[in-house]
Amino acid sequence: MRMSRLFLRTLRDDPSDAEVDSHRLLVRAGYIRKVASGLYSWLPLGARVLQRVSEIVREEMDRAGAQELLLPIVQPLELWERTGRDKSYGPLMFKFEDRKGTGFALSPTAEELVSAIVAGEYTSYRDLPVNLYQINWKYRDELRPRFGLLRAREFLMKDAYSFDRDLAGLQAAYDAMFDAYGQVFTRCGLTFRAVKAQSGEIGGDTSQEFMAVAAVGEDAFVWCESCDYAANTEAATRRPTHQSAAPAAAGPRTRVHTPDLPGVDGVARHLGTSPDLVLKCIAFDVDGELGLAVVPGDREVNEFALKGALPGQTVRLYRDSDFTAHPDLPKGYIGPDFVGAKVVLCDSAVRAPHGWVTGANEIDHHTTDTVLGRDFTPTAWGEIVVVAPGDQCPSCGAALRIDRGIEVGHVFQLGTKYAEALGANYTDDAGEQHPMVMGCYGIGISRIVAAVAEEHHDDNGLAWPAALAPYDVHLLALGDVGPAADALYSELTAAGHAVLYDDRDARPGVKFADADLLGIPVQLVVGTKGLARGVVERKMRVTGERDELQVDAVVPALARA
RNA sequence: CGGGAUGUGGCGCAGCUUGGUUAGCGCGCAGCGUUCGGGACGCUGAGGCCCCGGGUUCGAAUCCCGGCAUCCCGACCA
């Protein structure tokens, strides 16, 4: 491509509305332009990168045995009503009506539609397994789009759906997708981890997220320094801190006046102690009764862990409205011995060998030297805190760490939820009907572009991994070298390289600066000085390494690289 | 949804407090000349519904009211 003809305008100044590096540089380098909040146009360079990521994903999906299809983006709302997700997805969906008043939505994902299609075609165990995927635009009217492509309202996603006879089949499909995902992100040059996750809105059981490690990532995840344990903060757990209660060294329990101090930090400061010696009692609803989650004051309750600790029961943390409905609850001053509590679920850290400062079950009062066993008795134990750095890994005991990441992929074992709702059943070899067992697997393709830009750039601009760069080689013609540069351009193109040829009538400094900003991996500089000695200069964008190549050795040299 | 900030040629910004010529600056763009290995310089030029609507006033980018848009922070943890 001759740069003199490329639809491109680079910007010298950072766009005022871009905060993170990927957004800032993709706009400055002319890859994307914002149309509205969370909506972007992909200019030619950006479109090529998106295409290259798509191609990598396509190759790995095909290799893993999945089959590509293409589903409509506009989907009847009726389909979503059948699984109830028109409500649960609710405001996240872009909804509208056609001229006849029929409801439609722009697809935020496609479990319903795929299930309905499979239900309409396949009915026999002989048909299974099958794994279908598409690469298509998805729409979510996000609460708060931000960080450019990282949380957009329109984004390109690869979504795959597997259908199996049983759980063993699902596990095999899931494993195949998991491995393929590792290949995709490795090929894209991302530093990533697969972390255990909660399934969230989509439903189902086992799920793992692929997180590209990045300081600007919106999600924190926990990982172990010495083994491969990794989980997002919702799903993460730790080893119990105390297996059994040691006798607490404490004096008599004492009631103290703590006026207007509902917060742990304020109470600790007021009493000259530290937050980790204060017990926090968080009220929750368990099957309509009052429960208390008891954790040290420097910790937070993990609502997912809380639910996991009380299997089979419906658990929900109290909201302001619950406290309004229960004026008898001294919010901020509840102790673990509160009389109305049917369940007192303590974290293992509560077994620490010392007395605690706790709420005195009365507004403006706390008690000191509150002792486990003497002053309060838990009804249950569990690991219910949000994991913090330094906690022990549940599988090996080494220290856990927390990093931030960008969720670039997510694999789920869904089970039969959608198959049942949409009638995706099959007949087995004994003539009996069963719902198909589903998995679903997503990759944020446009988000990968941003995540890679986030990881691969420097002060001068982008620095694409070779696999994703919009062009392989950036050929710069400096000064009066037209014929030689033209010849090289033709040779390289003929040899199969995607070449961006800066044939513009611009000064060298402009060309160098733009080349670094665009971030194509190999820069070839044809200048009058070098040409006089029969050489062109090669610069590697990532490392900055330079060397010289004889003009007639350029094509073979690049072929080797 | 709550809080904060912003909206002025394609991009980045000043002007607004204290209303008053023809609305400025840098980049970019066009023409001419000089220059030519890390975002050159000079001269000339084009390009603006000052976010939208209403109001105050002889007069509004500027003051008032109401919208809209964009960005940031937060969105239950006692």
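Below, chains carry the letters A, B, ... as their sequence lines are ordered, and counting in each starts from 1. Excluded from the calculations below are hydrogen atoms, water molecules and symmetry mates; all remaining heavy atoms, backbone and side chain alike, are included.
Comparing B/C76, B/G37, B/A40 by their closest approach to the side chain of A/K529 singles out B/G37. In the set B/C77, B/G38, B/U70, the nucleotide with an atom closest to the side chain of A/K34 is B/U70. Considering only side-chain atoms of A/E303, the nucleotide from B/G37, B/G38, B/C76 that sits closest is B/C76.
Side-chain N/O atoms of A/E19 and base N/O atoms of B/C73 include no donor-acceptor pair closer than 3.5 Å. Taking only distance into account, the side chain of A/R146 never meets the base of B/G74 through a donor-acceptor pair shorter than 3.5 Å.
Relative orientation of the A/H257 and A/H365 rings is tilted, given thresholds of 30° and 60° on the angle between their planes.
Both distances falling under 3.5 Å, in either a Watson-Crick or a G-U wobble arrangement, place B/U70 opposite B/A5.
A/R316 comes within 4.0 angstrom of nothing in the nucleic acid, heavy atoms only. Nucleic acid contact for A/L143: base, since at least one base atom lies under 4.0 Å from a heavy atom of the residue. A/F284 comes within contact range of no nucleotide atom at all, as no heavy-atom separation falls under 4.0 Å. Among the heavy atoms of the strands, none lies under 4.0 Å from A/G479. Residue contacts shown for A/R28 include a base, since a base heavy atom lies under 4.0 Å away.
Comparing A/A513 and A/R299, the nucleotide of RNA chain B nearest to each residue sits closer to the 5' end for A/A513.
Following rounding to the nearest Å, A/D505 (CG) and B/U34 (C1') show an atom-to-atom distance of 14 Å.
Taking atom P in both B/C50 and B/A61, the straight-line distance is 7 Å, to the nearest Å.
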Q: Between protein and nucleotides 10-15 of chain B, map the contacts as a letter string: B base, S sugar-phosphate only, - none, heavy atoms under 4.0 Å, written 5' to 3'.
A: -BSS--

